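Numbered from 1 within each chain, the chains take letters A, B, ... in sequence-line order. Fair warning: this is a prediction, and the values are worked out from it, not measured in the lab.
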Amino acid sequence: MDELGRLDTPLHRLDARTKIITTVAFIVAVMSFPRYEVSALMPLFVFPFVLMASGNIPAGSILRKVAFAAPFALFVGLFNPWFDQHAALTIGSHTISGGWLSFASIMVRFALTVSAALILVACTGIHHLCAGLEQLGVPRLFAVQLLFLYRYLFVIGEEGLRMIRSVQMRSTGSGPLRLRTYGSLTGHLLLRSMDRAQRIYCSMASRGFDGQVRVLRRTALGWRDVIFAGGWIAFFIIVRNWNLADGLGRWLTGCGL
Amino acid sequence: MSKQTIELKNLCFSYPDKTEALRGISFRIGYGESVAIVGGNGAGKSTLLQHLNGYLMPSNGSVLVGDQPITRETIAAVRRSVGVVFQDPDDQLFMPTVFDDVAFGPLNARLPPEEVERRVTAALERVGMLHLRERPPYKLSAGEKRAVAIAAVLATEPDILVMDEPSSNLDPRGRRRLMNLLSGFEQTRIIATHDLEMVVEICQRVIVMDHGTVVAEGRPADVFMDEAKMLRHGLECPHILRHRHPH
Amino acid sequence: MHMADALISPAVGGTMWAVTSGLIFWCAKKVKQAADDRLVPMMGVLGAFIFTAQMINFSIPATGSSGHLGGGLILTALLGPYAAFLVMASVLTVQALFFADGGLLALGCNIFNLGFFPAFVAYPLIYRMIAKDAKSGVRLWSASILAAIVGLQLGAFGVVLETTASGISDLPFGTFVLLMQPIHLAIGVVEGLATAAVVAFVARARPEALVPISGIAPKSLRPVVLGLLVSAVLLGAVVSWFASSQLDGLEWSIKKTTGQEEFQGSDDGIHAGLAKLQEKTAFLPDYGFKKSVEPDERAEPWPAVNAGTSVSGIVGGLITLAVAGLIGYILKAQRTARKKT
């Protein structure tokens with residue numbers, strides 16, 4: 001993910017603020033559709049597809065992450081066909097219940113919103129993302145917190161992994177730890193993390209840290225940003241108000257014209 | 001900027017749990033000197049280093065940078081002239097890109113953007129890592145991380161460079177590069193290390209510590225040749241000296 | 001317990017975003033006032049620790065399943081509620097952005113459910129009250145377990161309220177409550193055990209670590225109670241809002257499916273029946289009762305649609321999807337072609 005964020009494409013060169021705002025607009029547009037809508041949501045797939053293509057983001061990595069996150073939506077959504085069994089749609093002799101329709105809608109929304117969020121990160125990178133958030137009014141303390149958290153995720157994660165590995169190598173089987181072992185292992189990791197924070201503070205202080213984390217800004221909004229955000233938001237509004245897919249389908253199947 | 005000396009006068013320090021870590025240490029290091037501080041584990045090296053930029057305050061005695069003792073009032077000025085390179089580069093490289101990390105110190109000094117740019121570029125060039133400026137630090141190799149950590153300190157343009165175990169975790173090539181880099185500096189260098197061979201090559205003076213006191217001091221070749229003493233303090237005579245013909 | 005975007009309506013998501021944004025601003029201000037520079041790296045590293053700790057599992061005796069640390073409680077014990085809330089918020093944000101764990105629109109809900117309750121309710125009202133200054137023994141264990149249970153019960157209830165208020169899932173309120181609360185009772189016990197085990201270890205190894213840094217804990221319970229009240233009112237507002245917004249959405253979708261001019265004539269009967277039904281049920285909240293108040297097929301609020309429209313919808317939808325994919329593909333091909341030349 002991080003490597004992707006450092007690619008250099010026109011999409012990556014856009015200001016982070018532009019991409020954040022457009023993505024949020026996209027998610028709100030998706031969520032604002034009524035619950036039984038499926039076909040009208042389809043044109044919105046243009047957004048993630050175009051972004052993936054123009055940002056050189058491999059679709060596979062995004063899809064894998066989306067699939068990985070699917071179970072919760074699936075779990076709650078699956079109750080819909082159960083509770084909502086009235087017929088909503090008839091095709092020939094087959095009827096589709098409202099529940100299945102809203103279930104399909106949930107899954108489509110899920111795919112759209114989750115992929116949009118992942119693409120935002122992949123085409124911006126955490127560094128610019130946090131800078132953009134701060135410029136959009138998020139408290140600096142929180143933006144810095146996100147940066148530090150992300151920075152030390154790998155360091156602490158690796159430390160935890162090493163500790164678990166050493167426990168597993170000295171115990172039979174590789175199942176979960178016993179509570180006692182767990183307590184001291186996790187506690188140990190906690191103390192080590194706190195020591196590390198102390199050392200980091202020490203190194204910050206020795207370079208004149210005074211409570212403010214300063215970064216040299218090198219971005220500015222350009223006309224490309226305006227076109228990008230404006231164009232996409234206009235597209236979302238059109239899709240939200242006219243069911244393009246249904247229109248296309250009707251035109252093709254020749255009914256209802 | 002004045003070229004500064006550093007002087008310790010009867011420095012004592014005890015931790016809150018009453019462990020006596022330093023018991024009366026005194027020495028003086030002149031400008032441009034390259035001095036190694038060696039000693040077994042727990043000899044008090046790290047505690048000593050933490051006094052050099054005022055992270056710890058002495059329980060007794062004093063640390064003078066230039067002619068100023070380190071106090072709450074002078075600490076900001078001291079930190080501008082004493083740069084510390086920490087043992088684990090991961091503790092020092094906390095910003096999202098190499099550039100931001102090296103710029104951290106200059107930005108805290110409220111320098112104008114052009115000056116920050118200049119210093120970052122100069123510091124990265126000095127350590128040969130300019131090509132990494134946009135990379136995230138955690139993706140670098142151990143050698144690269146160490147070099148960037150040094151650049152981050154160089155960018156604050158200190159008179160005195162303090163380093164904790166600079167050659168640990170480096171492969172032979174990385175270590176050699178580091179040694180070439182360090183011997184090229186004109187600043188005062190204070191290096192705490194277990195790498196005695198490196199000390200022989202790049203330091204003019206060595207201070208041997210044990211149990212919170214200075215037990216030997218002098219030219220590395222002279223100090224290390226006293227094998228009995230070295231063994232007594234948890235050290236040994238480096239090979240490079242043993243196999244060298246006496247001059 | 002991370003909620004996904006797909007189950008949240010913009011109204012609910014937006015409200016919870018506003019609530020958590022307010023909390024983040026407030027907490028950031030409080031932490032700033034504490035003016036302890038050490039907090040910046042400490043909060044960041046502890047966030048990374050919580051992230052890692054959530055991936056370390058331990059076995060639950062006699063069940064064959066496993067559990068892990070939630071994080072909210074232990075963070076509050078180490079950092080005080082304000083900083084702990086910010087850390088939880090950052091952990092959830094990174095999880096949403098990088099790991100697709102919980103959606104962006106649902107982020108407000110998730111931060112509130114998993115951050116607010118442990119930091120501002122469970123820790124000060126339950127944990128502190130029971131544990132006092134105990135660092136081991138029955139007091140510590142019962143305090144951790146109870147606080148974790150309370151925190152998670154409130155969080156789970158938050159999930160239920162927010163989901164029901166969004167009206168995207170059809171799960172009736174009662175059923176959802178019966179599903180969520182007992183599950184989270186069990187999870188609460190597990191989390192409490194994990195928290196106590198870690199606290200007990202730290203208390204033995206380094207007791208001074210458990211004194212919140214620079215002691216930024218609320219001096220009195222007033223802000224906590226105030227916060228609770230405000231959140232209760234807000235939640236109430238969301239729920240009542242839902243009743244109206246749900247109705248709007250419902251009407252809108254009916255218009256959408258039946259309102260096409262060409263069908264108006266034939267569907268008049270349904271329309272009239274629907275209006276009558278709406279009148280009848282207008283005083284009832286429209287969640288949870290959908291099945292019971294709909295007496296027969298003809299009065300269904302979502303009548304069967306003419307097969308032509310449905311087929312066209314499906315055909316059109318699939319083709320649009322294909323076109324969207326094609327646009328992406330062409331763009332991609334163009335880029336690679338340009339790169340080669």
Side-chain angles (χ1 to χ4, degrees), chain A residues 1-8 12-13 16 121 124-134 140 143-159 192-220, chain B residues 46 49-50 52-56 75-117 119-120 134-139 145 149 152-156 158 161-162 164:
Chain A
M1 255 344 229
D2 223 54
E3 291 295 318
L4 293 176
R6 291 193 303 106
L7 291 175
D8 190 32
H12 284 79
R13 281 196 289 274
V121 174
T124 315
I126 179 92
H127 172 205
H128 295 292
L129 201 63
C130 289
L133 284 175
E134 200 197 317
R140 162 170 293 200
V144 168
Q145 164 66 15
L146 284 175
L147 276 181
F148 266 82
L149 164 62
Y150 189 74
R151 168 67 180 90
Y152 286 99
L153 203 56
F154 301 97
V155 178
I156 307 284
E158 215 160 275
E159 222 164 274
R192 281 167 71 161
S193 306
M194 293 176 80
D195 288 343
R196 184 179 288 280
Q198 199 72 44
R199 293 197 302 271
I200 296 165
Y201 173 70
C202 197
S203 89
M204 293 172 85
S206 75
R207 284 194 277 158
F209 177 63
D210 56 2
Q212 285 271 337
V213 176
R214 298 180 178 85
V215 178
L216 208 55
R217 297 256 171 275
R218 282 156 292 176
T219 57
Chain B
S46 295
L49 291 195
Q50 290 183 36
L52 300 184
N53 76 337
Y55 186 73
L56 292 178
I75 205 161
V78 164
R79 282 178 179 167
R80 270 196 295 279
S81 55
V82 181
V84 186
V85 181
F86 290 83
Q87 184 177 357
D88 184 350
D90 270 327
D91 295 341
Q92 196 173 337
L93 306 176
F94 42 80
M95 296 294 280
T97 67
V98 166
F99 180 94
D100 287 330
D101 228 304
V102 180
F104 184 82
L107 283 171
N108 283 334
R110 316 276 168 91
L111 296 173
E114 312 78 58
E115 174 65 7
V116 174
E117 275 278 353
R119 283 204 185 183
V120 173
E134 296 303 327
R135 294 280 301 274
Y138 42 91
K139 291 281 166 65
K145 275 187 194 172
V153 170
L154 286 181
T156 62
L161 268 175
V162 176
D164 194 358

Which word best sums up how the rings of A/Phe154 and B/Tyr138 line up, parallel for under 30°, tilted for 30 to 60°, or perpendicular for over 60°?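 A/Phe154 and B/Tyr138: parallel rings.
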
With a 4.5 angstrom heavy-atom cut-off, which part of [X] approaches chain A: side chain, backbone, both or neither?
{"X": "B/Asp164", "value": "neither"}
{"X": "B/Ala149", "value": "neither"}
{"X": "B/Asp90", "value": "both"}
{"X": "B/Ile75", "value": "neither"}

[X] vs [Y] side-chain heavy atoms within contact, under 4.5 Å:
{"X": "B/Gln92", "Y": "A/Arg207", "answer": "yes"}
{"X": "A/Gln198", "Y": "B/Tyr55", "answer": "yes"}
{"X": "B/Phe94", "Y": "A/Tyr152", "answer": "yes"}

Spacing of [X] atom [atom1] and [Y] atom [atom2] [to the nearest 0.5 Å]:
{"X": "A/Ser203", "Y": "B/Asp101", "atom1": "OG", "atom2": "CG", "result": "8.0 Å"}
{"X": "A/Cys202", "Y": "B/Leu56", "atom1": "SG", "atom2": "CG", "result": "7.5 Å"}
{"X": "B/Gln50", "Y": "A/Arg199", "atom1": "CD", "atom2": "CZ", "result": "10.0 Å"}

Sort out for me which of B/Ala155, B/Pro106, B/Ala109, B/Pro96 touches chain A most, counting heavy-atom pairs under 4.5 Å.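 Among B/Ala155, B/Pro106, B/Ala109, B/Pro96, the one with the most close pairs to chain A is B/Pro96.
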
May I ask you to name which of B/Val162, B/Val116, B/Leu93 has the most heavy-atom pairs under 4.5 Å with chain A?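 The answer is B/Leu93.
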
Shortest non-hydrogen separation from A/Gly208 to B/Asn108 and the atoms involved: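 In this case the closest contact between A/Gly208 and B/Asn108 is O-CB, 3.3 Å.
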
For the CD atom on A/Glu158, are there more than 12 heavy atoms of other groups (residues, nucleotides or ligands in this structure) within a distance under 6.0 Å?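 It does not: A/Glu158 CD has 12 such atoms or fewer within range.
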
Identify which part of A/Phe148 has an atom lying under 4.5 Å from any heavy atom of chain B, answering side chain, backbone, both or neither.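 The side chain, not the backbone.
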
